2 protein chains.
Amino acid sequence: MATTALPSVTRVADPMTPVGERLAQTASELFYARGIRAVGVELIAADAGTTKKTLYDRFGSKDALVALYLRRRAERWQTRALQHLAEHPEPGAARVLAVFDALAGWLDEQWRGCAFVNAYAEIAGTDHVALPVVRAEKAWMRQLFTALAEEAGLDDPQDLGGQLHLLYEGAIVALTAGDVHDSVGIARDAAARLVAASPRLTR
Amino acid sequence: MATTALPSVTRVADPMTPVGERLAQTASELFYARGIRAVGVELIAADAGTTKKTLYDRFGSKDALVALYLRRRAERWQTRALQHLAEHPEPGAARVLAVFDALAGWLDEQWRGCAFVNAYAEIAGTDHVALPVVRAEKAWMRQLFTALAEEAGLDDPQDLGGQLHLLYEGAIVALTAGDVHDSVGIARDAAARLVAASPRLTR
DNA sequence: AGATAACCATACCGGTGGGTATACTCGGGG
DNA sequence: CCCCGAGTATACCCACCGGTATGGTTATCT
């Protein structure tokens with residue numbers, strides 16, 4: 001019956017030179033909007049107003065830049081989710097649903113869906129350095145839901161957390177690939193039902 | 001209160017020359033295993049034991065071959081799902097859960113996850129001819145779950161069908177990108193809970 | 001003053017991308 | 001008999017890929 005703690009933000013925060021920072025941001029936008037293989041290092045450098053030379057001086061390889069892109073995205077989303085949770089401090093179902101509210105806001109700006117799923121589609125089956133970053137982000141979300149279920153004093157928080165996680169992932173996929181405009185709302189409703197139907201822990 | 005019919009298989013079945021057939025199958029395997037952009041037409045032709053010339057004589061472009069690949073995959077999975085459902089004819093929760101059983105079997109062989117989600121990650125934001133194929137597959141699955149919910153005599157089959165669909169999508173993503181080995185079982189449990197908690201239609 | 005790090009500009013490398021062109025063989029149907 | 005569709009073989013096109021090389025200009029720190 002080990003307590004599952006709320007996960008903390010996966011920090012990146014390598015100190016970055018100004019041009020390096022611009023490169024990282026430009027790469028992030030391009031990778032997310034068009035995909036990894038579709039974006040060449042030449043384009044990244046040009047859009048960032050610099051040259052390939054500087055890009056390779058800073059990051060060493062395109063793959064490293066891809067990994068950084070994903071690590072930073074994880075940090076941004078996790079920060080946002082935890083911030084949103086901090087505004088709903090009372091344990092219980094409301095806190096679980098707050099994650100879906102945070103997701104809805106996030107996806108208003110992120111029309112290309114889950115960067116990690118998209119990246120996985122392009123790098124699965126290889127030994128790409130970004131692969132563990134994808135895995136870690138999914139594990140983080142699952143742990144978040146499990147911790148919230150435990151917080152709420154529900155039975156089998158592992159099971160319920162896993163189920164909530166699936167709704168979260170499904171909502172993102174359905175919204176983008178499936179064009180289901182209200183997928184996050186649907187996931188939220190399902191989550192509410194699951195939590196309501198979950199037996200409370202006899203303490 | 002229109003009745004949502006069980007969707008029928010989306011057929012493809014263009015008559016295909018022998019070498020064309022071999023090309024289509026080879027392309028299918030390569031695209032699924034390595035991704036669309038990662039596979040060149042030269043490799044497809046060589047693996048199929050023929051030449052680029054024949055490939056372009058049959059299909060006209062790589063994009064058309066990609067669209068065919070997805071259309072055929074949809075046909076295969078839909079056939080399999082409906083076959084599995086035919087073995088569970090009694091309406092009710094068991095028929096909903098049977099879809100997840102079919103998925104579990106399917107994913108035992110399909111280790112690279114959802115071909116449509118993967119393809120979407122590579123072609124979203126373009127006007128690729130395969131984009132409607134992806135959308136159609138997701139709509140098909142959603143309709144399937146809605147029809148099964150209606151069959152079972154449950155209230156709000158649209159809502160419940162949408163929720164079940166999210167579990168289905170989430171299970172595939174979590175299994176592959178998230179490395180959650182039992183994701184389909186978790187989704188099945190959640191689906192059972194949702195159906196059990198759903199009010200029956202007063203008839 | 002010298003060293004070092006950050007940055008810019010440009011040219012280059014081999015490899016590969018999708019797609020086309022040419023020229024040939026073979027089997028069947030009018 | 002001749003044409004045509006299917007297929008083979010090979011060479012070619014240009015554009016772009018990730019990555020490297022060379023050489024130069026600043027600003028900062030010791």
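Quick caveat, the model's predicted, so the values are computed rather than measured. Per chain, numbering begins at 1; letters A, B, ... match sequence-line order.
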Visitor: Which pairs with one or both residues in residues 26-53 of chain A pass ring pair (Phe, Tyr, Trp, His ring centres under 6.0 Å), sequence neighbours excluded?
Guide: Phe31(A)-Tyr69(A)
Visitor: Please encode protein proximity along nucleotides 6-12 of chain D as a string of B, S and -, counting only heavy-atom distances under 4.0 Å.
Guide: SSBB---
Visitor: Could Asp57(A) and Lys53(A) be called an ion pair, given the rule that one side-chain N must be under 4.0 Å from one carboxylate O?
Guide: yes
Visitor: What pairs with Arg73(B) under salt bridge (Lys or Arg N to Asp or Glu O under 4.0 Å), at least two apart in sequence or on another chain?
Guide: none
Visitor: How close or far is atom C1' of dC7(C) from atom CD of Glu21(A), stated in whole angstroms?
Guide: 16 Å
Visitor: To the nearest Å, give me how far apart CD1 (Ile44(A)) and P (dC16(D)) are.
Guide: 16 Å
Visitor: Considering only residues two or more places apart or on different chains, which pairs with a residue in residues 86-98 of chain B satisfy salt bridge (Lys or Arg N to Asp or Glu O under 4.0 Å)?
Guide: Arg95(B)-Glu151(B)
Visitor: How close or far is atom P of dT10(C) from atom CG of Leu55(A), stated in whole angstroms?
Guide: 18 Å
Visitor: Can you sort out the partners of Trp140(A) under side chain to side chain donor-acceptor pair (under 3.5 Å), two or more places apart, ordered by chain and number?
Guide: none
Visitor: Let me know the distance between CZ of Arg37(B) and P of dC16(D), rounded to the nearest Å.
Guide: 13 Å
Visitor: Please report, rounded to the nearest Å, how far the C1' atom of dA6(C) is from the CE atom of Met16(A).
Guide: 14 Å
Visitor: Could you state the atom-to-atom distance from OH of Tyr56(A) to P of dC17(D) in whole Å?
Guide: 11 Å
Visitor: Provide, to the nearest angstrom, the distance between the CG atom belonging to Leu43(A) and the P atom belonging to dC17(D).
Guide: 8 Å
Visitor: Apply ring pair (Phe, Tyr, Trp, His ring centres under 6.0 Å) to His84(B) and list each qualifying residue two or more places apart in sequence or on a separate chain.
Guide: His88(B)
Visitor: NZ of Lys62(B) versus P of dG17(C): gap in Å, rounded?
Guide: 8 Å
